[in-house]
Amino acid sequence: MTTAYSYKRFSSAKQASGDSLRRQTEAAEKYCQDNGLTLSAETFNDLGVSAFDRSNVTGDAALAQFIEACEKGFIQAGSYLIVESLDRLSRATVEDALMQLLTLIRQHQITVVTLLDNRVYQSPVNTTDLIISITIMERAHDESATKRYRSKASWSAKRNPDIETKKIKNCPFWLRLNSATNTYELVPDKAAVVKRVFQLSVDGLGGARIAQTLNSENVKPPKAKAWGKSSIMAILSSDSVIGHFQHKEIIDGKYQPVGEVITDYFPPAIDKQLFHLSRSRIKQRKIKTVGRSSDRFTNVFNNLAKCRKCGSAMTYSKKKANQSYLTCTKKLTKQCDNKAVPYRKLERFIFQQYLRPAFFEDVNKLATPALTPVESVEVLQAELEATTATLDAVLASIGTNTNDAITNRIQQLSENITDLNQRIENHAETSAEAKAKSIHASFREAYDFTLDCFNSQRAASELYRDRVKLNRILQQTFDKFELLHIGNDVHLYTDQYDYTYFKNQWVIGLNPSIRTIEDKAKYPSLV
């Protein structure tokens, strides 16, 4: 007996869970019984797959597999393919749909049966059947195109902030739709989680560490059982947190942005400074990797300490139970003879020099949690990059078609770019004004924070977070941090001062030949 194969397609999961599947299955079984065909146990089902964009004939789709099986000879010529109607096979353009049907009939010698109208398509093709099939294909394509247009128009209206269209309830988890006022509003406790995620990012933690921190604090994620790196990065990369909305559609199997970003569509969960600063820090971490992960972030001089002799990075190593060192990476391959520097000596530098009020006043650039001018320039740079990218996207999308609205938008973006460039140029004045302000109150906060970074009694997650932040502060404080270990002398060269480790003390500018406390007294200007 001739074998028949059943193909069923649903464009939505709702259709698949309803009566459609049972109806198509029973109809195929009855047709085979009435016409002496053997219905194969191997069925081809595309559930939730579109035939309008030809998704059912690409990749791993069931119809694509059926066609491939015909091409490879696994399905014999003369077999039947039973479908409910032609629009189950394709809702693409008439040309594409007809070519697909003729390929099955003529090239692979498959007889196609449509159950709704009890029509049989086989080679040689009957002219009347061909005309009817073209009519059905055209109607199916037009219906799908109309539905898609209406759907796009509906979504476009719902995301337009200037018209009174009912907005969608599907919004970011930190928001909810107030049906009475047709406006979005923040969910306070969830918005607080978003703000904390961004603050941890600014402090120096990556996505995985932020997820661990939230999980250790029993902060519940919106859907999953626990926070993961991907969910954290999705928040950090979303413009929705500052109120923006970007419509996306599936193009070539991937979600792609469509149209221009709508600003001020949602109420912002965080301010723009925190958002852009986070993006700046993420870029910095991509350039300067944190290195090997640990539960304590042991080396607070990571990505900072360099070899004075060859300029290579100094890497952390633990040679004995209680002794660790910073070693030139080239020394490890015997390309440099700079001796390893005991790590405990560098920790003493933090307490003996870095935490002095005079030093703090001279070089500490991150005195308070508030955004300083040094951080503000990062925000301006990030905002400039984002605005420039938006302008490029607008210019790339318009082609030769322009109107007053597009022209005005281009002019607005150009003016914003000019303004941002001017503000960056004015940063030197802002920085000078900020430096003139008193910092005595903030020194106490910075001092206590630094001490906490060396308190081993604290929770591991908190200690890790703060040591990462201290590492970032040190990188901002020192443009140069070079180590040299010759004989018994350890020297540290920074952009502000040169130091020597002398009798368990770090002193400024002390020459290695000065060996005694009495000699130090003779050279007070060097101490």
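Fair warning: this is a prediction, and the values are worked out from it, not measured in the lab. Atom set for the values below is all heavy atoms of this structure, side chains included, hydrogens, waters and symmetry mates excluded.
- Screening N303, N302, V300 for a side chain to side chain contact (heavy atoms under 4.5 Å, CB included) with L474, the sole residue that qualifies is V300.
- For F349 and Y499, the ring centers sit closer than 6.0 Å to each other.
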Could you go through the side chain to side chain contact (heavy atoms under 4.5 Å, CB included) check for T477 and I473 one step at a time?
CA-CA 6 Å; T477 301; I473 293 172; 3.9 Å; yes
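- Listed by chain and residue number, K190, V194, P222, W227, I235 satisfy the side chain to side chain contact (heavy atoms under 4.5 Å, CB included) test with F173 (two or more places apart in sequence, or in another chain).
- Note that NZ of K220 is 11.0 Å distant from CG of D189, once rounded to the nearest 0.5 Å.
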I'd like to know whether R196 forms a side-chain hydrogen bond (donor to acceptor under 3.5 Å, both in side chains) with Q199, so could you lay out the CA-CA distance, the side-chain angles of the two residues, the decisive distance to 0.1 Å, and finally the verdict.
CA-CA 5 Å; R196 177 154 170 73; Q199 188 57 59; over 6 Å; no
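- Using a 4.5 Å heavy-atom threshold, the side chains of L492 and D498 count as separate.
- Closest of all the heavy-atom pairs between D452 and L463 is O-CD1, 3.6 Å.
- No side-chain heavy atom of L483 sits less than 4.5 Å from a side-chain heavy atom of H491.
- For the pair V197 and L214, the minimum side-chain heavy-atom distance is below 4.5 Å.
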Would V507 and F502 satisfy side chain to side chain contact (heavy atoms under 4.5 Å, CB included), going step by step from the backbone distance to the final call?
CA-CA 7 Å; V507 293; F502 184 78; 4.2 Å; yes
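- For D448, the salt bridge (charged side-chain N to carboxylate O under 4.0 Å, His left out) partners are R444, not counting sequence neighbours.
- Listed by chain and number, the residues in a salt bridge (charged side-chain N to carboxylate O under 4.0 Å, His left out) with E347 amount to none (sequence neighbours excluded).
- Scanning for side chain to side chain donor-acceptor pair (under 3.5 Å) contacts around Q457 gives an empty result, with sequence neighbours left out.
- The CG atom of L177 sits 6.0 Å away from the CG atom of N182 when rounded to the nearest 0.5 Å.
- Within a 6.0 Å radius of NZ in K480, other residues, nucleotides and ligands contribute more than 12 heavy atoms.
- Ring pair F245/F266 is perpendicular by interplanar angle, where above 60° counts as perpendicular and below 30° as parallel.
- Separating the CZ atom in F481 from the OH atom in Y493 is a distance of 13.0 Å, to the nearest 0.5 Å.
- Judged as a side chain to side chain donor-acceptor pair (under 3.5 Å), the pairs with a partner in residues 230-243 (not counting sequence neighbours) are, in order, S238-S240, D239-R279.
- For C310 against K330, the heavy-atom pair with the smallest separation is SG-CD, 4.0 Å.
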Tell me, with the steps shown, if F275 and V241 meet side chain to side chain contact (heavy atoms under 4.5 Å, CB included).
CA-CA 8 Å; F275 175 78; V241 296; 3.5 Å; yes
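- Minimum interatomic distance between I210 and S201 (heavy atoms only, all atoms of both residues): CD1-N, 3.8 Å.
- When only modelled atom types and interatomic distance are considered, R472 and Q475 share no side-chain donor-acceptor pair under 3.5 Å.
- Between V490 and W506, some side-chain heavy-atom pair lies under the 4.5 Å cut-off.
- One distance of note links NZ of K229 with CD of Q212; it measures 11.0 Å at 0.5 Å rounding.
- Taking the charged nitrogens against the carboxylate oxygens, D203 and K469 do have a contact shorter than 4.0 Å, which makes a salt bridge.
- Checked against side chain to side chain donor-acceptor pair (under 3.5 Å), R308 has the following partners two or more places apart in sequence or in another chain: E482.
- Taking F454 as the reference, F351 meet the ring pair (Phe, Tyr, Trp, His ring centres under 6.0 Å) condition, with sequence neighbours excluded.
- By the side chain to side chain contact (heavy atoms under 4.5 Å, CB included) test, K195 is found to be paired with I270, L274, residues two or more places apart in sequence or in another chain being considered.
- Rounded to the nearest 0.5 Å, atoms CG (L304) and CG (L326) are 9.5 Å apart.
- Side-chain contact between S324 and T298 is absent, with no heavy atoms from C-beta onward closer than 4.5 Å.
- Side-chain contact between D466 and R458 is present, with at least one heavy-atom pair separated by less than 4.5 Å.
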Go through the steps to decide whether L200 and R465 satisfy the test side chain to side chain contact (heavy atoms under 4.5 Å, CB included), and finish with yes or no.
CA-CA 8 Å; L200 289 172; R465 179 196 65 211; 3.3 Å; yes
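- With sequence neighbours excluded, the residues satisfying salt bridge (charged side-chain N to carboxylate O under 4.0 Å, His left out) with R176 are E185.
- Taking OG of S317 as the reference point, atom NZ of K331 lies at 10.5 Å (rounded to 0.5 Å).
- In this view, Y316 and Y343 satisfy the ring pair (Phe, Tyr, Trp, His ring centres under 6.0 Å) rule, not counting sequence neighbours.
- Residues G487 and K339 come closest through the heavy atom pair O-NZ, 2.9 Å.
- For N338, the side chain to side chain contact (heavy atoms under 4.5 Å, CB included) partners two or more places apart in sequence, or in a different chain, are C307, K309, C336, L484, H485.
- Here the side chain of N215 pairs a donor or acceptor atom with the backbone of A211 at under 3.5 angstrom.
- Remark: N504 pairs with R348, Y501 by the side chain to side chain contact (heavy atoms under 4.5 Å, CB included) rule, at least two apart or across chains.
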